[in-house]
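First comes the structure, then the notes that go with it.
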Amino acid sequence: MPSAESKTAATTAGSGGVQSLERAFDLLERMADAGGEVGLSELSTSSGLPLPTIHRLMRTLVACGYVRQQPNRRYALGPRLIRLGESSSRLLGTWARPYLARLVEETGETANMALLDGDEVVYVAQVPSRHSMRMFTEVGRRVLPHTTGVGKALLASTPPEEVRALLARTGMPAVTEKTITSPDEFLDALRQVHEQGYAVDDNEQEMGVRCLAVPVPDSPAPAAISISGPAGRVTDEATEQMVPILKEVAAELAGALDSTGSA
């Protein structure tokens, strides 16, 4: 039978292991927030952890392939995270499908879910409209945020200086004659999205197509859902009816994702 001393040691080791795990994940998230590459001193400043602790955790993450050390001695997110992210995105899309199906049932239009992955928007789920004339976006497709309603919804709460930095990295190529190609105009559009609670893509990704999008509140990763259809059906009058449904479904999806992630 284990002694009281050995039980205490095991408990201490277990709690220390959990703390190390929490700290490692916190560092990975801080790296992602910083653009994927940081120095140890930056991590120490942002996390409040001592350099020796961070160095030990980073050595472990490097050994596991989740972080790599660059020639300039800075640390970058590693390729092994890609597989985890892809699997997580697929699961997220699977969980979202019943909620997207409800959107299709109540609005009649194609419903989508998208995530912000780095500087791009990636579509992770779709349920098509039953209309013969309907919109189709391939799951896995990547687009630039400034061209889409989901992109606006995903960036609406992002600080303006971060949005400008993203636009500087991606550029703002025009996809249609209606695409927003000015950073100032795009920031104005984001302010409007933030105020009204939903985004509109009005022929900006594809002529003849309108899209309405809302963010999924408190999602574990920046996420948005949308409906898209011909401009002749997704009118201003239809928007007044569809937006409350979008917001309601987004809130329900957020609650489901939160309960899925809880212990």
Side-chain angles (χ1 to χ4, degrees), residues 96-116 121-139 141 143-158 160 163 167 172-217 219 222-254:
R97 281 188 63 82
Y99 299 89
L100 299 184
R102 180 187 160 195
L103 276 178
V104 174
E105 183 70 26
E106 296 198 26
T107 69
E109 304 299 343
T110 295
N112 307 283
M113 182 177 188
L115 304 178
L116 188 62
V121 170
V122 57
Y123 289 92
V124 296
Q126 181 180 88
V127 174
S129 165
R130 288 192 282 273
H131 288 292
S132 57
M133 182 180 291
R134 61 193 179 202
M135 303 305 106
F136 176 78
T137 298
E138 183 179 1
V139 172
R141 182 188 179 198
V143 296
L144 296 181
H146 75 282
T147 66
T148 64
V150 285
K152 293 175 188 174
L154 288 164
L155 292 176
S157 297
T158 303
V163 175
L167 297 176
M172 299 185 71
V175 181
T176 75
E177 63 186 40
K178 300 272 302 253
T179 304
I180 298 174
T181 57
S182 159
D184 289 337
E185 187 179 348
F186 188 67
L187 285 170
D188 287 341
L190 294 187
R191 279 189 286 270
Q192 184 176 1
V193 173
H194 190 70
E195 290 170 2
Q196 65 190 15
Y198 69 95
V200 180
D201 160 9
D202 188 4
N203 295 275
E204 296 161 49
Q205 174 66 217
E206 184 176 349
M207 292 303 295
V209 176
R210 292 190 88 216
C211 169
L212 308 174
V214 298
V216 178
S219 174
I225 59 173
S226 68
I227 61 97
S228 55
R233 289 204 303 258
V234 187
T235 60
D236 290 340
E237 293 76 14
T239 296
E240 293 181 5
Q241 298 176 339
M242 293 175 174
V243 167
I245 299 170
L246 268 168
K247 290 181 177 180
E248 182 178 331
V249 172
E252 291 180 1
L253 176 56

Looking at [X] and [Y], what are the two nearest heavy atoms and their distance?
X      : Y      : result
Val124 : Val139 : O-CG1, 3.5 Å
Met172 : Pro183 : SD-N, 3.6 Å
Asp201 : Gly149 : CB-N, 3.3 Å
Ser226 : Cys211 : CB-SG, 3.6 Å
Thr239 : Arg210 : OG1-NH1, 3.7 Å
Val193 : Ala156 : CG1-CB, 3.6 Å

Sub-4.5 Å side-chain heavy-atom contact between Ser228 and Glu109: no
Heavy-atom check, side chain of Phe186 versus side chain of Val163, under 4.5 Å: yes
State the [atom1]-[atom2] distance between [X] and [Y], to the nearest 0.5 angstrom.
X      : Y      : atom1 : atom2 : answer
Asp202 : Met207 : CG    : CE    : 8.5 Å
Thr147 : Glu204 : OG1   : CD    : 8.5 Å
Leu253 : Leu103 : CG    : CG    : 9.5 Å
Ile245 : Ile227 : CD1   : CD1   : 9.0 Å
Met242 : Glu106 : CE    : CD    : 11.0 Å
Ile225 : Leu212 : CD1   : CG    : 11.0 Å

All pairs passing salt bridge (Lys or Arg N to Asp or Glu O under 4.0 Å) where residues 237-249 contributes a residue, at least two apart: Arg102-Glu248
By side chain to side chain donor-acceptor pair (under 3.5 Å) - contacts of Gln241 (at least two apart): none
Main-chain N/O of Glu206 paired with Thr176 side-chain donor or acceptor, under 3.5 Å: no
Side-chain donor/acceptor of His146 to backbone N/O of Pro173, under 3.5 Å: yes
Basic-acidic side-chain contact under 4.0 Å: Arg130, Glu105: yes
Pair Thr148-Gln205, side-chain donor/acceptor within less than 3.5 Å: no
Steps toward side-chain contact (heavy atoms from CB on, under 4.5 Å) verdict (Lys152, Ile180): CA-CA 11 Å; Lys152 293 175 188 174; Ile180 298 174; 4.1 Å; yes
